[in-house]
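Worksheet for the structure shown next.
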Amino acid sequence: MLKPIDADAVIRAGGAVGEYPGEIHEGVAWWFGACLVVTQKARRIAVAHDGHPITAEFAHRFYRGAANAQHYACSVRFLGHQTEERLLKTLAYLNGMPGAMLTANGAIGSPMVHIKLFNSHGIVLDDDNGLSEIRRLIAEDCVPIPVNAQAKGTIEPWHHQLTEGERA
């Protein structure tokens, strides 16, 4: 692992939480994308961020990790700048797929970054439904990598605006 983290301290509260830079870095987002796909056995996921410049970069790394996770050939729906509510409605609209919401708050020079993970039912991951396995994979430097070029997934922008009748 090139830039290790304190997995027990950072991987909590439904995903990863840490001050950037310092406790968390962009590579963590790649690891989380790959680990979410593998632990949830996902062929499709959706990713959104809060529009903060740091979370936009973290989201970019996250969906790259997800698209490169082992043999899953995961299709990543990238929602861009959205609210968590919109992400959850989109997850439901797309027939239940895992997802991630990336946010940042606090001081400009050292914001707290939160990568929040959801299972296919829109429930935040915890130690009982996948988060402990992600923590283990990262702590043991076993982050999933692609097995071959044919196993690489795709990244697709999602521009669909849900109407009132399409809400979950």
Side-chain angles (χ1 to χ4, degrees), residues 1-50 52-79 84 87-88 91 96-107 109-149 151-155:
M1 186 177 306
L2 295 176
K3 293 176 77 176
I5 60 167
D6 182 346
D8 290 329
V10 171
I11 302 173
R12 58 187 169 84
V17 180
E19 187 177 295
Y20 173 81
E23 297 172 324
I24 195 169
H25 54 81
E26 297 93 335
V28 174
W30 198 100
W31 302 341
F32 262 69
C35 289
L36 178 66
V37 168
V38 171
T39 60
Q40 301 297 301
K41 298 176 177 43
R43 296 286 180 185
R44 302 180 312 148
I45 67 166
V47 181
H49 64 83
D50 65 356
H52 192 287
I54 290 173
T55 55
E57 176 59 28
F58 271 65
H60 176 78
R61 298 285 184 99
F62 187 98
Y63 62 70
R64 292 276 178 219
N68 285 288
Q70 289 183 342
H71 62 277
Y72 286 89
C74 184
S75 173
V76 179
R77 298 292 180 127
F78 183 58
L79 281 64
E84 185 174 314
L87 170 66
L88 292 172
L91 293 177
M97 67 173 70
M101 181 72 202
L102 291 85
T103 59
N105 57 50
S110 58
M112 291 296 288
V113 174
H114 190 176
I115 304 171
K116 193 173 187 180
L117 305 176
F118 299 90
N119 69 14
S120 62
H121 303 290
I123 298 170
V124 176
L125 289 192
D126 60 25
D127 283 342
D128 295 327
N129 66 2
L131 196 59
S132 63
E133 180 64 10
I134 291 172
R135 185 182 303 108
R136 184 193 67 75
L137 288 168
I138 292 172
E140 295 176 4
D141 196 18
C142 296
V143 175
I145 58 173
V147 293
N148 58 48
K152 188 171 182 167
T154 60
I155 300 162

query = Rounded to the nearest 0.5 Å, how far apart are CD of Gln70 and CG of Asn148?
reply = 11.5 Å

request  = Could you walk me through whether Ile134 and Leu117 pass the side-chain contact (heavy atoms from CB on, under 4.5 Å) test, one step at a time?
outcome  = CA-CA 11 Å; Ile134 291 172; Leu117 305 176; 3.6 Å; yes

query = Is there a donor-acceptor pair under 3.5 Å between the side chain of His121 and the backbone N or O of Ile123?
reply = no

message = Once rounded to the nearest 0.5 Å, what's the spacing between atom CG of Leu137 and atom CZ of Phe32?
response = 10.5 Å

query = What closest approach, in Å, do Gly14 and Val124 show between heavy atoms, and which atom pair accounts for it?
reply = CA-CG1, 3.3 Å

request  = Would you please test Leu88 and Met101 for side-chain contact (heavy atoms from CB on, under 4.5 Å) and show each step?
outcome  = CA-CA 9 Å; Leu88 292 172; Met101 181 72 202; over 6 Å; no

ask   = Hey, what do you get for SG (Cys35) to CD (Glu133), rounding to the nearest 0.5 Å?
value = 8.5 Å

message = Do Lys152 and Pro146 have side chains that approach each other closer than 4.5 Å (heavy atoms only, starting at C-beta)?
response = no

inquiry  = Are His25 and Trp30 an aromatic pair, judged by ring center distance below 6.0 Å?
reply    = no

ask   = What are the two closest non-hydrogen atoms of Val76 and Ala66, and how far apart are they?
value = CG2-CB, 3.8 Å

key: Criterion side chain to side chain contact (heavy atoms under 4.5 Å, CB included) against Ile11, the qualifying member of Ile138, Val28, Asp6   = Ile138

query = What distance do Tyr20 atom OH and Thr55 atom OG1 have between them, rounded to the nearest 0.5 Å?
reply = 11.5 Å

request  = Return the minimal non-hydrogen interatomic distance between Leu125 and Asn129, and the atom names on each side.
outcome  = CA-OD1, 3.1 Å

query = Is a side-chain N or O of Gln40 found less than 3.5 angstrom from the main chain of Leu36, in a donor-acceptor match?
reply = no

key: Thr39 OG1 to Arg135 CZ distance, which is reported to the nearest 0.5 Å   = 12.0 Å

Inter-residue atom distance Glu84.CD - Leu102.CG, 0.5 Å rounding = 11.0 Å

task = Determine whether Asn68 and Ile145 make a side-chain contact, defined as any pair of heavy atoms from C-beta on separated by less than 4.5 Å.
result = no

task = Please report the shortest heavy-atom distance between Gly18 and Ile24, naming the atom on each side.
result = O-CG2, 3.2 Å

ask   = Do Trp31 and Ile115 come within less than 4.5 Å of each other through their side chains, counting heavy atoms only?
value = no

query = Do the side chains of Val37 and Pro144 get nearer than 4.5 Å, heavy atoms only?
reply = no

ask   = Does any N or O in the side chain of His114 come within less than 3.5 Å of the main-chain N or O of Ala13, such that one atom is a donor and the other an acceptor?
value = yes

inquiry  = What I'd like to find out is whether the side chain of Val17 reaches to under 4.5 Å of the side chain of Met112, using heavy atoms alone.
reply    = yes

query = What are the two closest non-hydrogen atoms of Ala100 and Leu87, and how far apart are they?
reply = O-CD2, 3.4 Å

Kindly list each side-chain donor-acceptor pair under 3.5 angstrom involving residues 41-49, sequence neighbours excluded, with atom names and distances?
unit_1	atom_1	unit_2	atom_2	d
Arg43	NH1	His71	O	3.4
Arg43	NH1	Tyr72	O	2.7
Arg44	NH2	Leu94	O	2.6
His49	ND1	Gly51	N	2.9

ask   = If you look at every heavy atom in Pro111 and Gly109, which pair is closest and at what distance?
value = CD-C, 3.7 Å

